[in-house]
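Residue numbers start from 1 in every chain, and the chains themselves are labelled A, B, ... in the order their sequence lines are given, proteins ahead of strands.
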2 protein chains.
Amino acid sequence: MSRYLKQTRILVAVDCIIFGFDGQELKLLLIQRGLEPLKGRWSLVGGFLKENESLEDGAAHVLQQLTGLQGVYMEQLYAFSKPDRDSVERTISVAYFALIDLDQYRQQLSEEYHAEWVSLRGLPDLIFDHKEMVAEAKKRLRYKAALHPILFELLPDKFTVPQLQNLYEGVYDSLFDKRNFSRKVLSTGLLVKQKSKDKLNSKKGAFYYKLDKRKYNAKFHSFLNFIPNPNKF
Amino acid sequence: MSRYLKQTRILVAVDCIIFGFDGQELKLLLIQRGLEPLKGRWSLVGGFLKENESLEDGAAHVLQQLTGLQGVYMEQLYAFSKPDRDSVERTISVAYFALIDLDQYRQQLSEEYHAEWVSLRGLPDLIFDHKEMVAEAKKRLRYKAALHPILFELLPDKFTVPQLQNLYEGVYDSLFDKRNFSRKVLSTGLLVKQKSKDKLNSKKGAFYYKLDKRKYNAKFHSFLNFIPNPNKF
DNA sequence: CCAAAAGTGTTAGGTTTACACCCATGT
DNA sequence: ACATGGGTGTAAACCTAACACTTTTGG
């Protein structure tokens, strides 16, 4: 293979903003950095792009290494490229955000990486421009969730409507009317009511629902308007 | 400065999908490639990222070199990274799309680059994965224009409502009801009616409008819903 | 005077919001 | 029996879409 002459080759990294929901609040999966410099400081999960990998592959590898999970929802967020963003060497980083069902992932939290789920409020300091990346990811998540049923990716297979509302309220840091919320959600036809109830969060119990995968895939790109007054956000 | 050891450094390019509107239809600014291989084949405008440049800077430089324009609307589209996407050498390319007022740019079309405005229907073959980039850019433009007043960036300072509708109809390849369209558009409060009329396109003449820059900036990120039945698209 | 494009109003249907009470059950 | 959270209905305001006729003027 020939090459382009006299051009600068640059390190390319992938960083993943991994959101999870524990039923109460939104969390981020962070690690304590393993290499010097800045060893021990909090950081997003990431890695350098390998010779024969696409960015999508790279992001999937990063996630799989850390969580063991595959087939997780992931989306390219943005390519960050300020020349001095990495203090060691010039690196551009393409950030991806991932949504994972925190329940499905209770395994070893890869001791090896000192990974932890950290509440989105009160994040610790992060290295480089990772804080900016997280801010962008939050913005994008809010934007997208206002229009598309993306937040289901954060929930387990079976979930209740109050749980779902809780999640939306967490993401938008507001309270929604439960009558309007459940009507809107159910009217999409995306949910299939189950016979069983979740009895953990109330005495009466709340019915479980499952996603109708077929309709979910079909309507994923439709504009659905789950939250009231979206222009407030 | 120290460096990361044993990591692969990769060529990083910036490619720009430049949309323009000539009053009739949407066009793309393409060039005939200057370097071998594939010399003379149609290509997006692009360049390699320089040592001390951010991607945003790189994209702005590319655009400025070709058109002489600055301060143009631009947005990062996506980082394309298939290992074999460039047949010469592995390169990742971060694509940006730009919207420019074709009138404001009637100058030399930089003979030097063999640039041309090409109609979006019936594009020629493009090198590498540039066709895919264009397809993504079209998708993004439609998506975004359904929600935000982004298409004004393609119009001259003064424009008429029928011209604006024309543009929307071009982007969505459909016809909209002019009564509903003008009501929606005017109800945003974004437009300021001028005294003068455009008499080129009709005998009666159509009033010119200008953007209220203040309100435009304020409402740019609001959800505005300019087109009917957005879920059709 | 005619063709061509601009401009404008109404109504019906649907969607969104605000709001309050009853239900089931574990303690 | 009571506290807790789950579940449901209605009416008013608003928004969207469908639809047709009049105006202006250059040729």
Side-chain angles (χ1 to χ4, degrees), chain A residues 23-24 146-147 149 155 158-170 172 174-209 219 222-233, chain B residues 23-24 145-147 149 155 158-170 172 174-210 219 222-233:
Chain A
Q24 305 303 312
L147 301 167
L155 291 173
K158 292 188 328 188
F159 53 87
T160 68
V161 174
Q163 273 164 26
L164 181 65
Q165 179 167 351
N166 231 297
L167 171 54
Y168 272 85
E169 293 182 336
Y172 291 98
S174 351
L175 298 175
F176 302 134
D177 181 276
K178 65 179 171 171
R179 291 160 290 188
N180 293 336
F181 184 83
S182 86
R183 189 183 4 216
K184 267 189 186 180
V185 163
L186 294 174
S187 76
T188 61
L190 256 34
L191 300 193
V192 184
K193 194 174 194 166
Q194 304 300 112
K195 297 255 162 57
S196 56
K197 283 183 160 187
D198 162 49
K199 311 270 294 182
L200 294 172
N201 299 300
S202 76
K203 329 218 153 165
K204 184 175 178 181
F207 280 104
Y208 280 120
Y209 287 83
K219 292 203 183 178
S222 304
F223 294 121
L224 286 176
N225 189 20
F226 278 5
I227 64 162
N229 305 316
N231 276 331
K232 270 192 356 199
F233 300 100
Chain B
Q24 305 303 313
L147 301 167
L155 291 172
K158 292 188 326 187
F159 54 86
T160 68
V161 174
Q163 273 164 26
L164 181 65
Q165 178 166 352
N166 231 300
L167 170 54
Y168 273 85
E169 293 181 335
Y172 292 98
S174 350
L175 299 175
F176 302 133
D177 182 277
K178 65 179 172 171
R179 290 160 289 186
N180 293 336
F181 184 83
S182 85
R183 182 165 14 169
K184 267 188 188 182
V185 164
L186 295 175
S187 76
T188 60
L190 257 34
L191 301 193
V192 184
K193 195 173 192 165
Q194 305 301 112
K195 296 254 162 59
S196 56
K197 282 182 159 189
D198 161 49
K199 312 270 296 182
L200 293 172
N201 299 297
S202 75
K203 330 218 153 166
K204 185 177 179 182
F207 280 104
Y208 280 119
Y209 287 82
K210 283 189 178 183
K219 292 203 183 177
S222 305
F223 295 120
L224 284 177
N225 188 21
F226 278 4
I227 64 163
N229 304 316
N231 276 330
K232 271 193 358 202
F233 300 101

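In this structure, CZ of A:F176 is placed 15 Å from C1' of C:dA18, rounded to the nearest angstrom. In this structure, A:R183 places its CZ atom 16 Å from P of C:dG14, rounding to the nearest Å. C:dA12 atom C1' lies 13 Å from atom CG of B:N180, rounded to whole Å. Whole-Å rounding puts the A:R179 CZ to C:dC22 P distance at 13 Å. Taking atom CZ of residue B:F207 and atom P of nucleotide C:dA5, one finds them 19 Å apart after rounding to whole Å. Distance CZ (A:F181) to P (D:dG6): 13 Å, rounded to an integer number of Å.
An OP1 or OP2 oxygen of C:dG26 is reached within less than 4.0 angstrom by a side-chain nitrogen or oxygen of A:K199.
When distances are taken from the side chain of B:K203 to each of C:dA6, D:dT8, C:dA4, the shortest belongs to C:dA4.
At a threshold of 4.0 angstrom between heavy atoms, the contacts of B:K178 include nucleobase atoms, whether or not backbone atoms are also involved.
Between B:Y168 and B:F181, the distance separating the two ring centers is shorter than 6.0 angstrom.
At a non-hydrogen distance threshold of 4.0 Å, A:N225, A:P228, A:N229 from residues 222-233 of chain A come into contact with DNA chain C.
Map A:N201 and A:L186 each onto its nearest nucleotide of DNA chain D; the residue landing nearer the 5' end is A:N201.
Shortest non-hydrogen contact noted between B:P228 and B:F233 is O-CE1, 4.0 Å.
Between the side chain of B:K204 and the base of C:dA6, a donor-acceptor pair under 3.5 Å is found.
Note: A:Q194 CD to A:Y208 OH = 10.5 Å, rounded to the nearest 0.5 Å.
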